[in-house]
4 protein chains.
Amino acid sequence: MADDQARRHHGNRHGRSERARRAVLNAADDLLVEHGFAGLTMEKIAVRAGVAKQTIYRWWPSKVDVLLDALGDDLAEELTPPDHGDLRRDLREHLAAVAEFLTTAHAGAVLRALLGQAQHDPELAARLRAGHLLDQRARDRLPFERAVARGELAAGTDLDDAVERLIGPVHYRVLVTGDPVPRSFTDALVDRVTVQDG
Amino acid sequence: MADDQARRHHGNRHGRSERARRAVLNAADDLLVEHGFAGLTMEKIAVRAGVAKQTIYRWWPSKVDVLLDALGDDLAEELTPPDHGDLRRDLREHLAAVAEFLTTAHAGAVLRALLGQAQHDPELAARLRAGHLLDQRARDRLPFERAVARGELAAGTDLDDAVERLIGPVHYRVLVTGDPVPRSFTDALVDRVTVQDG
Amino acid sequence: MADDQARRHHGNRHGRSERARRAVLNAADDLLVEHGFAGLTMEKIAVRAGVAKQTIYRWWPSKVDVLLDALGDDLAEELTPPDHGDLRRDLREHLAAVAEFLTTAHAGAVLRALLGQAQHDPELAARLRAGHLLDQRARDRLPFERAVARGELAAGTDLDDAVERLIGPVHYRVLVTGDPVPRSFTDALVDRVTVQDG
Amino acid sequence: MADDQARRHHGNRHGRSERARRAVLNAADDLLVEHGFAGLTMEKIAVRAGVAKQTIYRWWPSKVDVLLDALGDDLAEELTPPDHGDLRRDLREHLAAVAEFLTTAHAGAVLRALLGQAQHDPELAARLRAGHLLDQRARDRLPFERAVARGELAAGTDLDDAVERLIGPVHYRVLVTGDPVPRSFTDALVDRVTVQDG
DNA sequence: GCATAACCGAGACGGTACGTCAGGTCTTCTG
DNA sequence: CAGAAGACCTGACGTACCGTCTCGGTTATGC
């Protein structure tokens with residue numbers, strides 16, 4: 001088995017150690033949740049992961065790269081909207097999933113940390129958008145696009161605008177006010193947007 | 001004049017040096033814009049301000065405290081909505097001012113940096129909210145409250161909800177997507193909210 | 001009474017406060033014994049003496065000046081050799097007194113600290129010699145000079161040489177080896193010197 | 001050659017950099033002579049040696065430890081008495097070497113500084129004695145012991161006493177009066193001691 | 001089936017910034 | 001006008017991480 005093979009191998013001439021990679025990403029994840037972004041140092045990741053510092057630097061240029069890697073495909077996996085053939089229902093479920101993701105410790109903590117760091121790191125901001133946020137935006141549009149295809153929504157509707165009105169207040173609560181984002185809040189948002197556009 | 005007296009004194013038993021205070025806040029402001037949040041170190045602030053490190057630590061426990069102080073009353077001064085007796089006009093001007101503030105280098109950079117840092121510093125998040133964001137939320141509500149008082153808006157309207165739908169997408173663009181926030185965008189947001197509620 | 005007046009006056013137009021002077025010298029003495037030379041800081045002297053730092057700097061340029069002042073006339077008072085009209089007896093008593101002074105906590109600690117500091121502070125070394133050590137050397141010679149005057153000792157004897165052979169080993173023990181300096185040791189020294197020269 | 005290998009390596013798992021060690025000891029030596037003991041700071045040693053401060057602290061807990069190391073085996077190398085089979089000649093040469101060592105800038109400055117510091121640092125005093133002074137005392141005794149073995153000196157002679165009468169006045173001059181210690185002075189001392197005991 | 005090349009752990013290295021402490025100077029008010 | 005109080009600038013302290021480097025050891029090819 002691949003996992004078993006990976007666990008044993010230590011040094012070889014073709015390719016890196018999957019064991020070390022996993023250990024680093026897990027350690028980074030854990031340390032972020034435990035000690036926050038400032039308490040996340042390459043030094044501590046190395047110790048926690050039982051890995052040499054050089055091994056981390058060999059594969060990731062900085063700690064934000066580790067986090068970008070740790071974020072991985074979580075967004076795609078957890079934030080792809082469902083398709084029930086009903087715009088309002090799709091949006092309700094999707095927006096609730098977005099809120100859940102952002103406010104839940106493990107999954108959202110990494111993204112929030114990266115978004116926070118991106119505020120004073122334009123290069124990270126660019127990579128974060130290119131690597132994750134644009135894709136997510138495309139996924140957020142899907143329910144609307146399908147509604148247009150079904151004729152449920154007028155063809156000329158500004159879908160990005162609709163997405164922003166939907167997703168904006170959720171991010172505002174999470175990133176700025178810190179208020180909880182209950183289902184009632186997301187449902188009401190969906191109602192506003194669909195009523196107005198319907 | 002008090003300011004004149006303050007500027008001359010250097011160190012004495014009756015209070016701190018206003019000159020040093022100003023120099024630190026300005027230096028912090030400048031360094032943040034020039035080198036970003038990471039390039040903003042106590043060491044460099046001290047050098048740039050021509051001030052001893054100890055003097056900074058005497059009055060501010062950390063660099064985020066310096067920034068909180070530097071943010072000062074900028075929000076209140078620049079983001080108090082106008083009162084023309086017309087909800088839509090008040091909101092249009094106010095929302096444009098908010099967008100301008102957040103995206104403009106000097107003024108908004110400090111707030112964006114603090115919001116970024118607050119993502120991985122709950123204690124800062126709490127202070128930022130208590131010290132500035134709650135007050136700003138109250139100011140954001142003002143146009144709506146006046147509209148209710150004028151009878152322009154129904155008495156039962158959920159004002160906080162309206163504010164969030166207005167302000168949320170603007171913050172989303174600034175903090176997440178990084179897209180510009182043109183006047184057309186903010187005006188359209190105001191139209192959505194007022195039409196719907198009117 | 002002078003002391004009474006001194007105790008009360010705090011700030012005045014007629015000269016310095018004797019109370020402050022005493023407090024500083026005593027504090028310096030105590031701190032030296034308690035915490036050693038490194039633990040003797042102007043800051044701590046000021047706190048212990050209940051005196052402003054500036055008051056210390058007004059009257060003593062540095063902490064070694066405070067110690068030089070604290071040393072005061074102790075040497076002259078305690079290390080003036082007796083005159084019994086008998087060289088050996090005078091020397092025995094005197095040398096024992098020297099050993100006692102150097103090894104006893106309060107009195108000798110200040111001198112040892114200053115001698116130690118003088119090893120890497122030539123300016124202090126010069127002042128220490130000019131202010132105290134030359135006078136002490138003159139006092140150390142007294143028994144020999146009186147013996148010459150009495151005819152007990154030949155006129156051509158090199159008195160400084162004799163003093164050094166007497167006093168040198170005592171200082172060597174105190175400053176270098178740290179061995180105790182018992183009466184038997186000093187008496188034997190006196191015997192060597194007087195027998196040889198007698 | 002081991003030294004050659006050591007010189008090239010920079011930092012690795014098998015021990016420290018000999019290059020850094022040498023640089024630190026030399027820098028400490030130079031700075032002590034140039035600026036005195038007070039002017040000898042870890043900070044300046046690091047800069048002068050072109051070495052990170054942490055590297056110094058990794059191997060030496062304090063600046064006196066650096067000096068103790070810098071003193072190294074200088075004493076043993078330079079202050080081992082010769083053996084001509086003639087007590088007086090051995091002592092004359094040895095005592096002159098001691099005087100030379102103590103008064104010469106480079107070699108003696110370190111020892112004088114440490115002796116000075118030891119006056120107000122009992123822990124250093126103990127280490128200095130255990131590490132260097134006891135061994136030196138043993139070397140100082142050698143000429144006498146050989147003289148006893150040869151029958152040149154009576155078996156019951158108190159050798160330590162003789163050493164102290166010889167070495168004491170030299171240290172006294174160096175550490176207390178600061179007078180020069182010419183060959184005539186040391187020769188006369190040897191004569192006194194050997195005549196008396198012969 | 002043995003050399004060898006890529007990766008691994010360990011950790012010392014030159015650095016930057018941290019937050020603290022003391023030094024010595026200054027200004028103000030009080031007695 | 002001396003003394004208290006204490007803020008100021010300076011510079012060293014000892015520590016934590018940074019990112020780079022060298023080293024010896026492990027293993028999976030590939031000659």
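Order of the sequence lines fixes the chain letters, A, B, ..., with proteins taken first and strands second; residue numbering starts at 1 for each chain.
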For this session: State whether B/T55 places a side-chain N or O below 4.0 Å from either non-bridging phosphate oxygen (OP1 or OP2) of F/dC9.
Result: yes
For this session: Nearest whole angstrom, please: distance from the C1' of F/dT10 to the CZ of B/R58.
Result: 12 Å
Exercise. So does C/R48 pair up with C/E34, basic N to acidic O under 4.0 Å?
Worked result: yes
Exercise. Does NZ or CZ of D/R21 fall inside the cone over D/W59's six-membered ring, less than 6.0 Å from its centre and within 45° of the axis?
Worked result: no
Seminar exercise, completed: Between its two end axes (five pairs each) the helix from E/dG1-F/dC31 to E/dG31-F/dC1 turns, nearest 10 degrees, through 0°
Problem set entry | Whole-Å gap separating P (E/dG23) and CD (C/E43) | 6 Å
Problem set entry | Approximate separation, where rounding is to 0.5 Å, of A/L67 CG and A/D29 CG | 8.0 Å
Problem set entry | Rounded distance (Å) that lies between atom P of F/dA16 and atom NZ of A/K53 | 13 Å
Exercise. Do B/V33 and B/H106 touch side chain to side chain, with heavy atoms closer than 4.5 Å?
Worked result: yes
Seminar exercise, completed: To the nearest angstrom, the CZ-C1' distance between C/R22 and F/dG3 comes to 19 Å
For this session: Can you tell me the distance, in whole Å, between the CD atom of A/E18 and the P atom of E/dC8?
Result: 11 Å
Seminar exercise, completed: Nearest-nucleotide check on DNA chain E, A/W59 vs D/A20; residue mapping nearer the 5' end is A/W59
Problem set entry | Any C/H120 side-chain heavy atom under 4.5 Å of D/R112 side chain | no
Problem set entry | Close approaches to DNA chain F from residues 61-70 of chain A, in residue order (heavy atom, under 4.0 Å) | none
For this session: Calculate the interatomic distance between B/R21 atom CZ and F/dA7 atom P; express it in whole Å.
Result: 16 Å
Exercise. To the nearest Å, how far apart are C/Y57 OH and F/dG3 P?
Worked result: 16 Å
Seminar exercise, completed: B/H35 atom NE2 is separated from E/dA17 atom P, nearest whole Å, by 10 Å
For this session: For B/G50 and for D/K44, find the nucleotide of DNA chain F with the closest heavy atom, then tell me which residue's nucleotide is more 5'.
Result: B/G50
For this session: State which of F/dC17, E/dG14, F/dA7 makes the closest approach to the side chain of B/R16.
Result: F/dA7
For this session: Mark yes or no for a side-chain to base donor-acceptor pair under 3.5 Å between A/Q54 and F/dC21, with no hydrogen or angle criteria applied.
Result: yes
